[in-house]
Amino acid sequence: MALKIYNVLGREKVEFQPQHEGHVNMYVCGPTVQDYAHIGHAKTYIAFDVIVRYLRYSGLSVLYVQNITDVGHLLDSGEDRILKKAAQLQAKPMQIVEFYARSYFEDMDSLGIKRPDISPRASGHIPEQIKMIETLMERGHAYLADGSVYFDVASAPNYGKLSNRRITELEAGSREVVRDEKRNPEDFALWKKAEPEHILRWDSPWGEGFPGWHIECSAMAKKYLGETFDLHGGGVDNIFPHNECEIAQSECANDAEFARYWMLVGSLTVDGVKMSKSLGNFITIKDALKKYRPEVIRTFSLSAHYSNPVDFSDDALQAAAVGWERLYGAVRLARQMLPAAPATDAGSDFLPRLEQARTDFRAVMDDDFNTPKAIAQLQELTREVNTLLNSGSPVGKAALEAIIATYNELGGDVLGIIPAAEAGGGANAEREAGLIKLIVEARQAARKAKNWAESDRLRDALAALDVIVEDRADGTVWRVN
RNA sequence: GGCGACGUGGCCAAGUGGUAAGGCAAGGCUCUGCAAAAGCCUGAUGCGCCGGUUCAAAUCCGGCCGUCGCCUCCA
């Protein structure tokens, strides 16, 4: 079955055919590193992480580029955001930017998001941006006004094709401050003249200044992916003006189609309102990770289709956590049973069911990355796996290994919600495991002697240390919570 | 006002023409020394409302109501 993607450009679900067979060139709008990343960022980048993982799982080679915006853009007040922060903290702008860029990567790593192949920074691509602006001027799509360069929207025939905006609709009643030097209010800056107080500034043919908000993506996408590439992603909230401007600039400068498929992710809301820097209602990824495992945050983010908004709440995360624990519990049990399992083909009847799970999984993921349905299928599989593992009859090594492999592959490699087997953790962990085993055995002895008071005391004491013991027909298993 | 998305059981959420997945919560049960875990059973005669098309509509069309996003920095 062929992969289908809902292309925002054209607003329909279409078969995905990369420009070069077997290869996907992909660009996703990255963060502005001026503050800690919040769980809205987590939702967006988890979505694209799974998309990239699945494309690769499908056998495609993917070149994934995601920018880091570190040049700063204009506030309503005209003050540069990063400068403002730098002034507050009495630090150099690049120091601020470096700090939050590192923090961003740290957060993404914590969430199990695989790093993009290239994370280009706007500040490192000033020459490329200047060059593109020059091209736009040569072609009559941009003009110089008072040391700044603006894109002439009226010269871009396709302006509005992604967001369905018509220039005429944008005019009157806009809250935007109409700058005198602009020919039309909808024109946007490609290059801004730096006022004397600006620290972030670069030389350019038009004097010292800094690049406009949109040009970095156009310039960096071109540099690493070419004039025309396959997939462009980002949050829906950037569809206008940012994405629209990217298209206009790139297509006017390159005289070639920009991105062929556009995938936009729905926003994350809190109490029904979008989480954003400007509203100050954001929960940082670092804070969220104090309360929830990364796999739970991923499960929560993937429980609705990527294009839909998702509302954050502790109740919702809690529900996701319980649902996730059921999935993980089945794999964990299979892993625990493996060492003592007989080397027979007991349970091999289950192998076709696992093959079916793979087939079903691919079918729903091929349908525009339907992760909620994929998770639902894993839940159904889990019910059957639990029935098998708790049936009382022996399950052979081969069957257990196949079960574990299926979860590792679909839940682990693709969705990133099933962690790899518990890490060894070195000598201390081994000693700890040995000690726990000793206590569990002591409790077993007490149970055998029907000394319930003692066995319950040991169980409670372990529970107080977050070690959960469960008595099964075939013995007692324990896990660290 | 314009552009866009959405409205499915108590909550979350799949489903884009053929008779409502899955999870959470709730109740009952099995298993268990008790637990825990797991499993089984129960739950929308109806998918915001009103019309229309069709043999057939949650799914298509029209209208209305409501929620959210964007139009200003934002993932």
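Sequence lines set the chain letters: A, B, ... in the order given, protein chains first and strands last, and positions in each chain run from 1. Remember, predicted model here, so these are calculated numbers, not experimental data.
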Margin query: Please find the pair of heavy atoms, one from Cys29(A) and one from Gln66(A), that lie closest to each other, and give the distance.
Written below: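 What the structure gives for the nearest pair is C-CG, 4.4 Å.
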
With heavy atoms under 4.0 Å as the rule, sort [X] into base, sugar-phosphate or nothing.
| X | value |
| --- | --- |
| Ala376(A) | base |
| Gly160(A) | nothing |
| Leu389(A) | nothing |
| Gly40(A) | base |

Please determine, for the side chain of [X], which listed nucleotide ([options]) has the closest atom?
| X | options | value |
| --- | --- | --- |
| Tyr6(A) | A5(B), G15(B), A36(B) | A5(B) |
| Asn390(A) | A75(B), C70(B), A38(B) | A38(B) |
| Arg165(A) | A75(B), A25(B), G2(B) | G2(B) |
| Pro372(A) | C70(B), A14(B), G69(B) | A14(B) |
| Lys274(A) | A75(B), G4(B), C71(B) | A75(B) |

Contact list (N/O, under 3.5 angstrom) for nucleotides 29-33 of chain B vs protein:
residue : atom : partner   : partner atom : Å
G33(B)  : N7   : Arg447(A) : NH2          : 3.4
G33(B)  : O6   : Arg447(A) : NE           : 3.4
G33(B)  : O6   : Ser455(A) : OG           : 3.2
G33(B)  : N1   : Asp456(A) : OD1          : 2.9
G33(B)  : N2   : Asp456(A) : OD2          : 2.8

Could you measure between the two [atom1] atoms, the one in [N] and the one in [M], and give it in whole Å?
| N | M | atom1 | value |
| --- | --- | --- | --- |
| G43(B) | A21(B) | C1' | 15 Å |
| U59(B) | A20(B) | C1' | 11 Å |
| A44(B) | G9(B) | P | 12 Å |
| G51(B) | A57(B) | C1' | 14 Å |

Margin query: Measuring to OP1 and OP2 of G69(B), would you say a side-chain N or O of Asn308(A) lies under 4.0 angstrom away?
Written below: no

Check: How about Met94(A) and Glu98(A): do any of their side-chain heavy atoms sit closer than 4.5 Å?
Finding: no

Note to self: If we ignore hydrogens and angles and just use 3.5 Å, is the side chain of Asp187(A) paired with the main-chain N or O of Val153(A) as donor and acceptor?
What the structure shows: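 Yes: the side chain of Asp187(A) pairs with the backbone of Val153(A).
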
Next item on the list: May I have the step-by-step check of side-chain hydrogen bond (donor to acceptor under 3.5 Å, both in side chains) for Asp70(A) and Tyr100(A), ending in yes or no?
Entry: CA-CA 10 Å; Asp70(A) 62 353; Tyr100(A) 288 117; over 6 Å; no

Next item on the list: Examine Phe188(A) together with Tyr150(A) and report whether their ring centres are nearer than 6.0 Å.
Entry: no

Checklist line | Nucleic acid contacts of residues 380-388 of chain A, taken as heavy-atom distances under 4.0 Å to RNA chain B | finding: Glu380(A), Arg383(A), Asn386(A), Thr387(A)

Margin query: Can you measure Asp315(A) atom CG to G10(B) atom P for me and round it to whole angstrom units?
Written below: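 Taking atom P of G10(B) as the reference, CG of Asp315(A) is at 17 Å.
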
Check: Between Glu186(A) (CD) and G2(B) (P), how many Å, whole number?
Finding: 19 Å

